[in-house]
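The basis for the numbers below is simple: all heavy atoms, side chains too, and nothing from hydrogens, waters or symmetry mates. Protein chains get the first letters and strands the later ones, always in sequence-line order, with residue 1 at the start of each. Computed from a prediction, not measured in an experiment: that's the story for all the values here.
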Protein chains: 4
Amino acid sequence: MSKSPDPARRSERSRQAVLEAARELVSEMGYAKVSIEAIAARAGVGKQTIYRWWRSKGAVIFDAFLALSQVGDSITLPDTGDIEADLKLVMRATVAEFADPGFEAPIRALTMEIVNDPDLAAQYREKLAGPVDEAKKARLRSAQRAGQIDADADLDLALELLYAPLFQRWLHRSGPLTPEYADALVDLALKALRPA
Amino acid sequence: MSKSPDPARRSERSRQAVLEAARELVSEMGYAKVSIEAIAARAGVGKQTIYRWWRSKGAVIFDAFLALSQVGDSITLPDTGDIEADLKLVMRATVAEFADPGFEAPIRALTMEIVNDPDLAAQYREKLAGPVDEAKKARLRSAQRAGQIDADADLDLALELLYAPLFQRWLHRSGPLTPEYADALVDLALKALRPA
Amino acid sequence: MSKSPDPARRSERSRQAVLEAARELVSEMGYAKVSIEAIAARAGVGKQTIYRWWRSKGAVIFDAFLALSQVGDSITLPDTGDIEADLKLVMRATVAEFADPGFEAPIRALTMEIVNDPDLAAQYREKLAGPVDEAKKARLRSAQRAGQIDADADLDLALELLYAPLFQRWLHRSGPLTPEYADALVDLALKALRPA
Amino acid sequence: MSKSPDPARRSERSRQAVLEAARELVSEMGYAKVSIEAIAARAGVGKQTIYRWWRSKGAVIFDAFLALSQVGDSITLPDTGDIEADLKLVMRATVAEFADPGFEAPIRALTMEIVNDPDLAAQYREKLAGPVDEAKKARLRSAQRAGQIDADADLDLALELLYAPLFQRWLHRSGPLTPEYADALVDLALKALRPA
DNA sequence: CCATAATCGAGACGGTACGTCAGGTCTTATG
DNA sequence: CATAAGACCTGACGTACCGTCTCGATTATGG
């Protein structure tokens, strides 16, 4: 009765080939210039096989990089007891990641999809951002317990305060992304979150 | 010597028609589904006329909304002397603007272009974000003079602290955009910017 | 190894639709004004389907009329034993055909292609002119056996002597095409071919 | 009141430049690929100047080669008293001309125009073919007077008999164009024209 | 241990849009 | 006022992909 394909019969070989081809092509020519046709050709796969298992080009590429960054069962951020030092470490790492030209294409590709497609945005929040944010909030909660951060602080807002400026600067290319920037951002955010 | 078209001979009528058609079409069907072909048809203009004066679909649409939001010679933010009240007013307005479904399509369209095209990103910063940011920084400077904000604060960073969280929440649809959110954001940011 | 399309997968329905559309359009508006775009539209076929199977507009139109005039396995000209009467009959028919306004457009279209494209000229000779000429030469050979024509005559040249004047007069519109003209031409040619 | 341009004001310099450019371009890239735009550019002339003075691309190109082959006030064919020898001489020359690859492009260009455009065909007959044919007929008339050709022969038909086979063979590329062919053709035609 | 049904690769199909070329008209400024 | 220049609208070009649709040729159970 159902018309949806039977996942049990899905060819894992084809799935992997498609995702890998997608990753390669996005890296080589940028998100916009990648076509389903090209992915199928590179993967040695029929177009129908892609259409059978993915809703759109965006979904394929999204999956491709999702699978890549798939986080383990649980992530934990460093916790030395010094929230400032720990955050600066993490933020400097994040800055470095964004500055890496190899990450440029895929992250922008992911972002494009998220801007356009609410479904993918939800999937992104659930599968990628969510777990990471949970880990970050866990570290902030630890800082709250240690009295380094206001116990009443809204941690979602706190995360935005820390990460959104960095993300926006990268997205709009509105300024340099340096370790100093990361430090300054942490300093400022922590000032905002300081216990009353 | 040059082979680029002579701007003196440009038809203002055609230029306006194209920009208006672009605006209409983006509003009606969303950025992704708009084609240069459709813009030309709607504007009653030859495709070549578009290609003569714009580099890409993105450039046209960008121009269309740029022209729309083209700010007057100078923008000034309200300055009642109370930075908190003034910022909350402005931020609530910004939140309202982002929440307005009528703005959704064009702003996402603009954002898409900026993500993809460094040239347009630069143009965006120069023509749109720049002047607005200057006005915002002017208000912050006034608050610095009034001793409401740390005199040593990096105002670029301060702006990011205020606006980036809002922008990211909208972009990723990661939370509600309410007046309360605006207030909370201002409170937090001002705490970070408070004089030492 | 080859990248050319697989003829086995070719859609006969599409092929027929294209050829018919081509014939109709040439008849309606003349060769020069027919476009591949129009043929595709009329045939309810994608442009690519035409480009996949034909090299050029000329090739399509050529095929269209080739298919139309496709001769059966063998053609035989009348043979009453009187070469003069038989030839006059055939030549009068040919004259009538050329004078028929309904044949004008397609024949001129075919001729245009032949003038420009050596490949199509070869195809024309092989598929259309060749078989017909063979039939004509068979009749002349019969006349040779009957002693009505010089046994040593070069039959290719003989055919040219008979048909080229008619064709040129039609092509250049340099004179009337009447039954009398046909008769006069036969008389003259037969005089040239008379046994020594 | 009239809208047609005043020929008196026509720029001879422009006219020459256009015709020369047309000739060059046809020789370089073949009739079909020449555009009015290219002719104008090469001639250093505004497109309008071409449209003002010529009806179509065909008319320009036609004019270009017409001007080139413009025959002097009168042409005369050799007349040694031996019609066979004289005709063979002329026909061999004609064969050579047709076989010359340098003549190929322009003659085919002219022919294309004539096939399609009755007006140009008329012009061709009047300005080019006509005078030449008159000269040929004059030679045949001389042969009639000398008793080498039937006095009652229709000279128009006689010309066709001589030249059409050659022309058709060239047009359809249906056989080699050699001096021997010229001779054979003359022999055959003269046999047809022999006095009774 | 096959039978049979879904998936697979391939790629033709009807389409839409691309970015380019040229057609023929119109405007502008020179001479 | 004809000209060189070239922008304009139009329409066709030939190409790239879209998403759908057959085709055999594998698979991979489940009867």
Side-chain angles (χ1 to χ4, degrees), chain A residues 3-15 17 33-41 43-53 55-57, chain B residues 3 5-11 13-15 17 33-41 43-53 55-57, chain C residues 3 5-11 13-15 17 33-41 43-53 55-57, chain D residues 5-11 13-14 17 33-41 43-53 55-57:
Chain A
K3 279 166 184 176
S4 51
D6 177 358
R9 302 196 137 228
R10 179 167 192 179
S11 157
E12 181 60 16
R13 148 189 287 276
S14 293
R15 193 182 140 266
K33 294 197 173 170
V34 172
S35 66
I36 290 200
E37 204 120 22
I39 296 175
V45 139
K47 279 201 288 177
Q48 200 56 246
T49 299
I50 296 186
Y51 284 108
R52 199 176 352 256
W53 302 109
R55 288 194 307 102
S56 64
K57 176 180 87 166
Chain B
K3 279 166 186 176
D6 177 358
R9 313 198 119 212
R10 180 166 192 179
S11 158
R13 151 189 286 275
S14 292
R15 194 182 138 266
K33 294 197 174 171
V34 172
S35 64
I36 289 200
E37 206 123 41
I39 296 174
V45 140
K47 274 199 289 178
Q48 201 60 243
T49 298
I50 297 186
Y51 285 108
R52 206 183 339 264
W53 302 109
R55 290 194 305 100
S56 65
K57 177 180 86 164
Chain C
K3 279 165 185 174
D6 176 359
R9 311 196 121 216
R10 180 165 194 181
S11 159
R13 149 188 288 274
S14 294
R15 194 182 138 267
K33 295 199 173 170
V34 172
S35 65
I36 289 200
E37 206 123 42
I39 296 174
V45 141
K47 274 201 287 178
Q48 202 61 52
T49 297
I50 297 185
Y51 284 107
R52 195 167 6 247
W53 303 108
R55 288 194 306 100
S56 65
K57 177 180 88 165
Chain D
D6 176 359
R9 300 197 143 236
R10 180 167 194 179
S11 156
R13 148 189 289 276
S14 293
K33 294 198 172 169
V34 172
S35 65
I36 288 200
E37 207 121 36
I39 295 175
V45 138
K47 276 201 288 176
Q48 201 54 248
T49 300
I50 297 186
Y51 285 108
R52 210 186 329 271
W53 302 109
R55 287 195 305 103
S56 65
K57 177 178 86 166

- Message: I'd like to know if the side chain of B/Lys57 and the backbone of B/Ser35 have a donor-acceptor N/O pair within less than 3.5 Å.
- Response: no
Looking only at heavy atoms, what is the nearest atom pair of [X] and [Y], with distance?
{"X": "B/Ala43", "Y": "B/Ala17", "answer": "CB-O, 3.5 Å"}
{"X": "B/Ala40", "Y": "B/Gly46", "answer": "CB-C, 4.3 Å"}
{"X": "B/Ile36", "Y": "B/Ser56", "answer": "CD1-C, 4.3 Å"}

Using whole Å, what does the distance between atom [atom2] of nucleotide [N] and atom [atom1] of [X] come to?
{"X": "D/Arg10", "N": "F/dC1", "atom1": "CZ", "atom2": "C1'", "answer": "16 Å"}
{"X": "B/Lys57", "N": "E/dG19", "atom1": "NZ", "atom2": "P", "answer": "10 Å"}
{"X": "A/Glu12", "N": "E/dT7", "atom1": "CD", "atom2": "P", "answer": "16 Å"}
{"X": "D/Tyr51", "N": "F/dG6", "atom1": "OH", "atom2": "P", "answer": "17 Å"}
{"X": "B/Gln48", "N": "E/dT25", "atom1": "CD", "atom2": "C1'", "answer": "16 Å"}
{"X": "B/Asp6", "N": "F/dA7", "atom1": "CG", "atom2": "P", "answer": "7 Å"}
{"X": "A/Ile39", "N": "F/dC18", "atom1": "CD1", "atom2": "P", "answer": "8 Å"}
{"X": "C/Trp53", "N": "E/dG11", "atom1": "CH2", "atom2": "C1'", "answer": "10 Å"}

- Message: Quick check on F/dC9: is either OP1 or OP2 less than 4.0 Å from any side-chain nitrogen or oxygen of B/Ser14?
- Response: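 Checking B/Ser14 against F/dC9: at least one side-chain N or O falls below 4.0 Å of OP1 or OP2.
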- Think B/Thr49 has a side-chain N or O under 4.0 angstrom from the OP1 or OP2 of F/dC9?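 Affirmative; the distance criterion is met.
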- More 5' along DNA chain F: C/Glu37 or B/Gly46, using each one's nearest nucleotide?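 The residue closer to the strand's 5' end, by nearest nucleotide, is B/Gly46.
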- Let me know, please, whether C/Lys47 or B/Lys47 comes out on the 5' side of the other along DNA chain F by nearest nucleotide. B/Lys47
- Task: Assign each of D/Ser56 and B/Ser35 to its nearest nucleotide of DNA chain E by heavy atoms, then name whichever residue's nucleotide is nearer the 5' end.
- Result: B/Ser35
- Walking DNA chain E from its 5' end, the first of D/Arg55 and A/Val45 to be reached, judged by nearest nucleotide, is A/Val45
- Message: Is it the case that the base of E/dT28 and the side chain of B/Arg9 share a donor-acceptor contact (distance under 3.5 Å, atom types as modelled)?
- Response: yes
- Is the number of heavy atoms from other residues, nucleotides or ligands under 6.0 Å of A/Arg13 CZ greater than 12? no
- Task: Please work out if A/Arg52 contacts a base, only the sugar-phosphate, or nothing of the nucleic acid, heavy-atom cut-off 4.0 Å.
- Result: base
